[in-house]
Every structure is written in C-alpha cells, then in structure tokens.
Amino acid sequence: MSIPPDTRSALESPEHPSVLVADDDPDIRDLVVFKLQQAGYEVRAVEDGTAALSALEDGIPDVVVLDVMMPGLSGLDVLRQIRATEALKHLKVVLLTARARDTDVDDGYNTGADEYVTKPFSPRELVHRVNSLLGRGR
Amino acid sequence: MATPTVVSAQLLSWVLWVLVWAAALLLATVLGSRAGRQWRERRDAKLLGELRPAMLEVASGEDDDASALRRLTAVPRRRVPVVDRAVSAMLSKVRGEPARALARVLDAHGRAEWAITGLSSHSAVRRAHAAWTLGLMRARESAPRLLPLLQDRSADVVVAAARALALLGDGSAARAVLRAVAPRRRPRGLPSWVAVESLCAFDDAAAPVIEEATLHPDPAVRHVAATVIGVRPVPGAAPVVRERLAQETDPRALTAFVGALGWVGGAQDLAVLSGLARHRDESVALAAVESLERLGLPASVAALGPLVEDTRPRLAERAAVALTELGPAGRERLLGALDGDTPAVHPAHYALQLSAMRGAGRGVA
C-alpha cells in the first residue's frame with residue numbers, strides 16, 4: 001500500500017476527528033455513521049475491505065471501524081495491511097463483528113485491533129470506545 | 001353443405017386464434033405482475049427512505065423525545081408489514097435501549113400478538129418466524145411459550161426457537177435446549193453449534209444445568225456441555241472438567257473436555273494434556289495440543305517438542321505452531337529442529353514461516 005506523505009495533514013481536524021467505517025451491511029453502516037456524526041465525528045463509509053484500503057490511500061482518518069466478515073478482503077486482512085504499512089501502523093482500529101467467541105476476540109487483538117466490539121452492538125458503547133481511543137471524554 | 005376439408009380449416013383457424021389469445025393473455029399477466037411488483041418495491045423503498053432517519057434515530061439511542069418512535073409507530077396499517085420487516089432487520093443488529101425501543105415499535109404494531117398466535121400455526125415457516133420475532137422483541141416473559149418448539153417436528157423451527165431463546169438470555173431454558181440436542185422422538189437433534197451459541201448467551205441460571213449435562217448419558221449432550229464450559233468458563237469449572245475428562249469414552253465429547261481444560265485448567269493439568277496429545281484419535285490429540293498452547297506455561301514447550309516429530313502431519317504442524325506461540329524457548333526448540341535430519345524439519349520450517357508472516361501482519365519486526 002502506498003500512502004502519500006501529506007495525506008494526513010490534509011484531513012486532520014482537531015475539532016472534528018475523522019472516522020472511516022467499513023461494513024457491507026447497509027443498516028450497520030448507516031447506523032454507525034449516524035451515531036458517530038451525532039457524536040461530532042467526520043465520517044466516511046465504504047462497503048468492503050478493498051474500498052477501505054482505497055479510502056485510506058485518499059486520506060488517513062483518526063480511527064477505522066472495520067467489520068470482520070466482508071466480501072473480498074476481510075476486516076482482519078485490512079487490519080494486517082494497516083499494521084504492515086509504515087504510515088498506518090499506529091492507526092487506531094476498532095473491529096465490529098458478529099464473531100464473538102473468545103478465540104475470535106483473541107485473533108482480533110493478536111492481529112492488532114485496538115478495540116473489539118461484538119454484534120449485536122450498542123451504538124453508545126461503540127462511540128465510547130472510539131472516544132476513549134482518542135482520549136475524548138464525550 | 002361444408003366439406004370436411006373446410007370444417008378442418010375453420011377448426012384449425014379457431015384453435016390458432018385461441019392459442020394466440022392465450023399467449024397474449026399470459027404475456028400480459030407476466031408483464032403486469034412484474035410491473036406491479038416493481039411498483040410495490042418502489043413504493044416500499046420510498047416509504048422506508050422517508051422513515052430511515054427516524055429508524056436510525058431510534059436504533060442509535062438518539063431519540064430522546066420519542067418523536068422518531070412515534071413516526072415509526074404511526075404508519076398506516078396497510079404499510080405496517082413493510083416497516084416491521086425493516087425494524088426486525090435492524091433489531092437483530094443492536095442491543096440495549098435501542099433494541100428495546102425498536103421492540104416497542106413492533107409491539108405497537110401488534111407483532112407480539114401475531115407471533116404468539118403464530119407459534120401454533122400449521123405452517124412451519126410461520127412458527128419459525130413467530131418464534132424468531134418473540135426473540136427479537138426480547139420478550140423475556142415469552143420464553144415458556146418457546147420451550148415446546150424445541151421439540152417441534154420441523155428442524156428449522158427448533159433452530160429458530162433455540163436462537164430466539166438465546167436472544168432472550170433466560171438461563172432457565174438451558175435444560176430444554178440440552179434436551180433438544182438429543183430428542184427422543186426425532187431422528188436429528190438441535191445442531192450442537194446452535195445449542196452452544198444459545199447456552200453461551202444464557203444468564204448464570206444456566207451454569208448448574210450445563211455442569212449437570214456433563215454427566216448426561218448421550219455423548220452429544222456431553223459434547224455440547226463441555227464446549228460451553230470451554231467457550232464460557234464459569235468459576236469452579238476446572239475440577240468438574242478434570243473429573244469428566246478422566247471418565248469420558250466418547251472421542252467427540254472427550255475432544256470438547258480436552259479443549260475446555262485448556263481454558264479452565266492450570267499447571268497441574270500439564271501431565272494429563274501431554275498424555276492426551278499422543279491420543280490415537282487425532283481430534284483429541286489436536287485439542288490437547290491447543291490446550292497446551294492455551295495454558296501458555298514454560299513447561300508446555302517440553303510437552304510439545306517431541307510432537308513435532310509425530311508421524312501425523314497435521315498434529316506435528318499444529319504442535320510446531322503452538323511452540324511459536326510459547327515465546328523464545330518454543331522458537332529455539334524449532335530452530336534446533338531445523339538443523340537435524342528428522343521428520344521435525346518440515347513442521348518446524350512451516351511454523352516458523354507462518355510465525356514470521358503473522359509477525360509482519362502484527363507490525364512486529
């Protein structure tokens with residue numbers, strides 16, 4: 001993955017931190033976008049892992065919310081690419097997934113997730129997790 | 001007087017006309033029904049588009065003044081099924097207060113009564129739908145109504161009832177779910193993974209029933225109980241797992257107990273797991289290797305090391321992968337194996353390569 005060096009500065013906004021949401025389920029995608037926008041975030045949304053990587057090339061958000069089971073590249077595949085890319089390796093990543101077994105959670109954290117939220121989920125809890133990753137007390 | 005030839009020609013002409021008219025009528029019906037369906041789909045999409053903001057407000061817990069809830073409940077009666085389908089779809093994806101608010105929409109539309117009536121329908125599809133709707137609505141008081149469906153003649157209804165009970169989370173249903181795994185009057189029981197998912201979603205009231213089920217005469221039930229203990233360990237489970245594991249004769253149930261011991265066990269289980277890692281049943285042996293890895297003890301390295309030379313390739317590779325997860329001592333053991341001329345070379349090489357790729361994935365240099 002190649003990330004232009006000046007991409008981050010173009011998107012950084014201390015007033016409105018940005019979040020990239022990748023989920024193939026339109027209900028969940030719309031819901032997460034809505035809730036994060038209500039919480040004061042600038043949000044972009046894509047529907048699969050490949051589109052998520054393209055979106056990261058266009059600009060680096062403060063946080064990425066990734067579904068795990070998506071067509072094509074899974075959320076774990078995207079996360080691996082993020083952690084293997086120099087410009088992205090410190091990016092905060094939340095996995096939002098229906099895979100709730102202890103071994104799935106271990107896999108998520110071992111792959112490099114900062115937070116792991118299981119579906120069905122509480123939108124309020126998701127915002128709390130994103131806030132805490134960014135040190136924001138909303 | 002008409003000749004037979006003229007009569008035949010007239011008859012043929014008449015039959016042709018009938019066929020042409022029938023074909024035209026059929027075409028018109030097909031096109032009409034397609035146009036009607038597309039019109040209904042556009043109408044429904046328009047309605048759902050108009051209600052989308054209200055739906056998101058309720059589902060995100062942002063509907064402080066309940067105005068969005070009122071918009072969803074106030075749709076005309078004939079449009080209620082369309083809205084309810086969308087609300088049900090959203091309801092399965094959220095939990096907490098937003099889920100309760102969405103359930104209130106369904107309740108206001110009379111879905112609870114519809115579902116309760118539907119539980120005794122002749123249609124298996126309707127019974128399954130009704131059970132799932134009650135689960136989605138988190139109507140905990142409806143759990144007793146769902147229990148008989150765990151013995152339904154339709155396997156789909158049994159699965160829907162178990163999943164609905166999981167959404168309700170009522171641990172008092174645990175015994176009925178376990179009974180559905182090994183039914184007396186049906187050839188096939190509730191699939192074990194559905195039973196495990198349901199039991200894992202239940203509250204603490206399920207714990208004693210699950211422990212009791214580890215002694216059930218049917219190995220399928222023991223397998224489910226042991227798997228649940230592994231996935232969702234309860235305090236004090238370790239002695240139970242050790243005792244049952246020592247008595248277990250069924251390979252599938254034994255595999256589950258061995259897996260559970262990896263989650264709830266400790267240093268005292270190392271010797272037992274080391275022995276089971278050489279079990280003649282490969283599933284049991286693999287589960288023991290995974291449990292040795294999960295215990296994460298330095299002494300696990302000594303137990304796993306010789307298994308890298310096992311003649312069963314999957315077992316040898318799994319043991320090697322486990323060693324890479326046990327820190328520098330495990331990796332040194334594999335690096336040492338690379339220098340020799342033993343069957344351990346290939347599994348060691350495979351595991352070290354896999355570990356390097358995973359390390360790159362985690363950003364580890």
Side-chain angles (χ1 to χ4, degrees), chain A residues 23-40 43 45 67 74 76-91 93 96-114 117-128, chain B residues 48-49 52-64 68 86-102 135-136 138 166-167 169 193 196-197 200-201 227-228 230-233 259-260 262-264 290 293-294 296 325 355 357-365:
Chain A
D23 201 309
D24 62 321
D25 182 331
D27 277 347
I28 293 192
R29 202 168 57 236
D30 291 353
L31 183 56
V32 172
V33 169
F34 180 84
K35 186 68 181 177
L36 288 169
Q37 283 174 338
Q38 293 292 314
V43 190
D67 178 22
S74 76
L76 289 178
D77 294 332
V78 175
L79 179 53
R80 280 188 199 99
Q81 294 245 24
I82 287 173
R83 293 295 177 243
T85 305
E86 186 60 31
L88 300 174
K89 68 180 182 187
H90 299 300
L91 183 57
V93 177
L96 177 61
T97 173
R99 295 170 62 164
R101 291 184 59 153
D102 288 348
T103 47
D104 298 325
V105 179
D106 286 348
D107 276 351
Y109 282 119
N110 288 338
T111 307
D114 297 286
V117 178
T118 56
K119 300 173 188 173
F121 72 108
S122 157
R124 182 170 300 191
E125 185 195 329
L126 177 69
V127 171
H128 284 320
Chain B
L48 292 176
R52 189 73 169 168
M55 174 93 84
L56 293 175
E57 236 175 283
V58 174
S60 65
E62 295 284 341
D63 183 32
D64 295 333
V87 170
S88 296
M90 187 65 92
L91 195 44
S92 65
K93 295 159 191 168
V94 293
R95 62 183 169 81
E97 182 49 36
R100 285 189 284 277
L102 289 168
L136 276 180
R138 316 301 203 268
L167 286 170
W193 58 273
V196 169
E197 280 183 3
C200 285
T227 307
V228 173
V231 174
R232 200 193 109 174
W263 290 106
V264 302
E290 281 171 21
E293 176 193 328
R294 198 163 290 127
E325 298 292 325
S355 172
M357 283 194 290
R358 282 179 174 169
R362 291 172 208 166
V364 177

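Worth saying up front: this structure is predicted, and the values here are computed from it rather than measured. Just so it is clear: chains get the letters A, B, ... in the order the sequence lines come, proteins before strands, and each one is counted from 1.
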**Request:** Measure distances from A89(B) to the heavy atoms of chain A and classify the residue's part below 4.5 Å as side chain, backbone, both or neither.
**Result:**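 When you check distances to chain A, atoms from both the backbone and side chain of A89(B) fall under 4.5 Å.
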**Partners passing side-chain contact (heavy atoms from CB on, under 4.5 Å) against E62(B) (at least two apart in sequence or in another chain)** =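 Here the qualifying residues are F34(A), K35(A), Q38(A), E57(B), S60(B).
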**Asked** Residues two or more places apart in sequence or in another chain: which of them pass side-chain contact (heavy atoms from CB on, under 4.5 Å) with R52(B)?
**Response**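 In terms of side-chain contact (heavy atoms from CB on, under 4.5 Å), with neighbours along the sequence ignored, R52(B) is linked to D27(A), D30(A), L56(B), M90(B).
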**Asked** Is chain B contacted by the side chain of E86(A), its backbone, both, or neither, given a heavy-atom distance below 4.5 Å?
**Response**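 For E86(A), there is no contact with chain B at all, as no heavy atom is under 4.5 Å.
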**Item:** Considering all heavy atoms, the nearest S92(B)-P120(A) contact
**Value:**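 Taking every non-hydrogen atom into account, O-CB, 3.8 Å.
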**Prompt:** How about R95(B): does its CZ atom have over 12 heavy atoms from other parts shown lying under 6.0 Å from it?
**Reply:**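 For R95(B), atom CZ is crowded (more than 12 foreign heavy atoms under 6.0 Å).
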**Item:** Distance (rounded to the nearest 0.5 Å) between D106(A) CG and R294(B) CZ
**Value:**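 The distance works out to 8.0 Å.
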**Request:** Could you give me the CA-CA distance, side-chain angles and deciding distance for K93(B) and L31(A), then say whether side chain to side chain contact (heavy atoms under 4.5 Å, CB included) is met?
**Result:** CA-CA 10 Å; K93(B) 295 159 191 168; L31(A) 183 56; 5.9 Å; no
